[in-house]
Structures are given as C-alpha cells and as structure tokens.
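Scroll down for the structure; my scribbles are underneath it.
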Amino acid sequence: MPKNAENPLVSIGMGSKSDRDIVAKAVKVLRTFDIPIEVKVKSAHRTPERMAEYASELGPRGVKLAILVAGGSAHLPGMVEAFGKVVPCLAVPVFRPERGHGDEAKKSSDSMPPGIPLAVFPNNAADRAALFAVQMLGVYDSDLRRKYERYHQDLHDGVIADNDLLEELGFEEWDEMLNQQEAGTA
Ligand code: RP5
C-alpha cells in the first residue's frame, strides 16, 4: 500500500488515531484522483511543538492544502491555519456523541478570529473536504479538472439511471429491490 508521498500536494492531519475512520474517507477520495498525499497524527494539545513544526513547514515543503480532522475542542485546524499561514486549511470536525464529542469541534473551527480564514466542513465530512481540495487543485491542472468533470458526470448519470429504473419498475418493486440489495440478499 502507498506510504506518504515524497512531495505531497495535500497533507491530512488528524488529532488522534481515533479519528482515522473519518480520515479514511478523505484518503479514499484523494487516492481515486491520484493526488499525492501524506497523512499524519499531530495533536495540538498532546504534541504542540510537533504540531507547530508540521504546520510551519507545510508551505516551504510545497504542500498546497491541508485537511485537518479533529474532535473535542479541536484546536488542530485553527492552529495549523495559524502556523501554516499561506496554506489553505480545511477543517473537518469529528462528531462522535457516543464518546462524548458533540458539536463543539465544529463550533471551535467556526469561531476563528476575524482575518484568519479556515474552511469548515460539516461534521465528519472528510470526503467532501477532499473533493473540495480536488476542485481547488484542478484550478491550475486541466487533467485533474477533466477527472473531476467525469466524476460529476457519473453522479449525474447515476441519478438519471435511478429515475429510469424507478419509472420502469414502479415504486414498490424498486424500493423492495433496493432494500434487498442493501441487505445483501439480492
Ligand atoms: C481530539 O480529541 C482528537 O482529534 C479526537 O477527535 C478527540 C479524542 O481523542 P482521543 O482521546 O481518542 O485520542 O484531540
């Protein structure tokens, strides 16, 4: 399996290994688009010096965008934005009520002071942050832009195919077929 790229365009930082299931959603998207990435665990609270060093070096190392996944008080996205300066940061708050982590991570990232930009995505939506990163990288990369256009065309075609089948079968049969497919019995 691929390790961290030597010259990543996107860096994904997570506050804890317990965030890795959310990070996996971003990794999957970025691998699909063949974006060179790196993935790191950097805790703003448990390893503050290492987090600061990581963030400060993003720009000088040529990283174009950072996706930061963190829950709880979630200082990682804001601090990477602060130390990373010119590197655009995309925050993905971790929402895990079963472990006592509610909406506070999102509120924390939403509350950056004036003059400090931080793009904040919905709770756990690392896949969407990754798609946004692909769009941004595509601004200066026509091959990547074409790949993104194909991805979008597939979404479009998928909805049309869903509708065609619905009209062919009628709602009840279509619903039953999908339920069976989802249950793995079809
Ligand atoms: C945050 O606290 C992490 O990003 C994680 O979402 C949360 C819980 O961390 P662990 O206690 O599971 O390491 O810093």
Side-chain angles (χ1 to χ4, degrees), residues 1-138 148 151:
M1 293 304 270
K3 297 198 174 149
N4 283 342
E6 230 167 86
N7 297 302
L9 293 180
V10 177
S11 182
I12 306 175
M14 70 191 102
S16 163
K17 66 183 178 189
S18 68
D19 300 323
R20 68 190 185 284
D21 57 332
I22 309 298
V23 167
K25 300 199 273 182
V27 170
K28 188 173 173 201
V29 169
L30 294 165
R31 295 263 193 248
T32 302
F33 285 92
D34 295 320
I35 308 282
I37 62 168
E38 64 177 14
V39 187
K40 308 262 184 185
V41 184
K42 302 286 172 184
S43 168
H45 303 111
R46 294 167 178 153
T47 59
E49 295 86 1
R50 280 170 182 258
M51 181 276 305
E53 190 186 359
Y54 158 72
S56 309
E57 288 177 358
L58 288 170
R61 290 198 295 121
V63 172
K64 304 297 181 211
L65 293 162
I67 297 174
L68 293 317
V69 178
S73 56
H75 288 113
L76 179 68
M79 291 312 292
V80 173
E81 171 63 43
F83 280 108
K85 299 191 179 83
V86 296
V87 178
C89 289
L90 318 183
V92 179
V94 171
F95 180 79
R96 227 184 276 283
E98 68 280 10
R99 294 191 58 189
H101 293 296
D103 222 25
E104 67 277 8
K106 175 130 177 41
K107 285 190 181 142
S108 172
S109 288
D110 279 340
S111 308
M112 292 294 282
I116 307 292
L118 178 63
V120 186
F121 284 80
N123 286 328
N124 300 343
D127 46 349
R128 267 191 259 178
L131 285 168
F132 188 77
V134 172
Q135 284 180 317
M136 287 177 77
L137 294 170
Y148 190 87
Y151 155 79

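The structure displayed is predicted, hence computed values, not measured ones. Throughout, residue positions are numbered sequentially from 1 according to the sequence presented. Atoms within each ligand, like the ligands themselves, are counted from 1 in listed order.
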*Considering the heavy atoms of Ser16, write down every atom of ligand 1 situated less than 4.0 Å from one of them.*
3 (C), 4 (O), 5 (C), 9 (O), 10 (P), 12 (O), 13 (O)

*Look at the side chain of Arg31 and the backbone N and O of Lys28, then say whether any donor-acceptor pair between them is shorter than 3.5 Å.*
no

*Can you tell me the protein heavy atom closest to atom 12 (O) of ligand 1 and the distance?*
Ser18 OG, 2.6 Å

_Options Asp19, Val92, Val94, ranked by nearest heavy atom to atom 6 (O) of ligand 1, top entry_ = Asp19

_Identity and distance of the protein heavy atom lying nearest atom 2 (O) of ligand 1_ = Gly71 O, 3.8 Å

*Which of the ligand 1 atoms, numbered from 1, are nearer than 4.0 Å to a heavy atom of Ala70*: 4 (O)

*Give the contacting part of Arg46 toward ligand 1: side chain, backbone, both or neither, where contact means a heavy-atom distance below 4.0 Å.*
side chain

*No-hydrogen, no-angle side-chain donor-acceptor test under 3.5 Å, Thr32 and Tyr151*: no

*asked:* What I'd like to find out is whether the side chain of Pro36 reaches to under 4.5 Å of the side chain of Asn7, using heavy atoms alone.
replied: no

*State whether the side chain of Ser73 and the backbone N or O of His75 hold a donor-acceptor pair below 3.5 Å, judged by distance alone.*
no

*asked:* At under 4.0 Å between heavy atoms, is it the side chain or the backbone of His101 that contacts ligand 1, or both, or neither?
replied: side chain

*Report yes or no: does Lys25 contribute a side-chain atom to a donor-acceptor pair with the main-chain N or O of Asn124 at less than 3.5 Å?*
yes

*Would you indicate whether Arg50, at its atom CZ, is surrounded by more than 12 heavy atoms from other residues, nucleotides or ligands within a distance under 6.0 Å?*
no

*asked:* Is any side-chain heavy atom of Met112 closer than 4.5 Å to one of Pro77?
replied: no

*Between Met14 and ligand 1, which part of the residue brings a heavy atom under 4.0 Å of the ligand: side chain, backbone, both or neither?*
neither

*May I ask you to list the atoms of ligand 1 that are less than 4.0 angstrom from any heavy atom of Gly15?*
4 (O)

_Contact between ligand 1 and Arg99 is defined here as a heavy atom of the residue under 4.0 Å from a ligand atom; is it met?_
yes

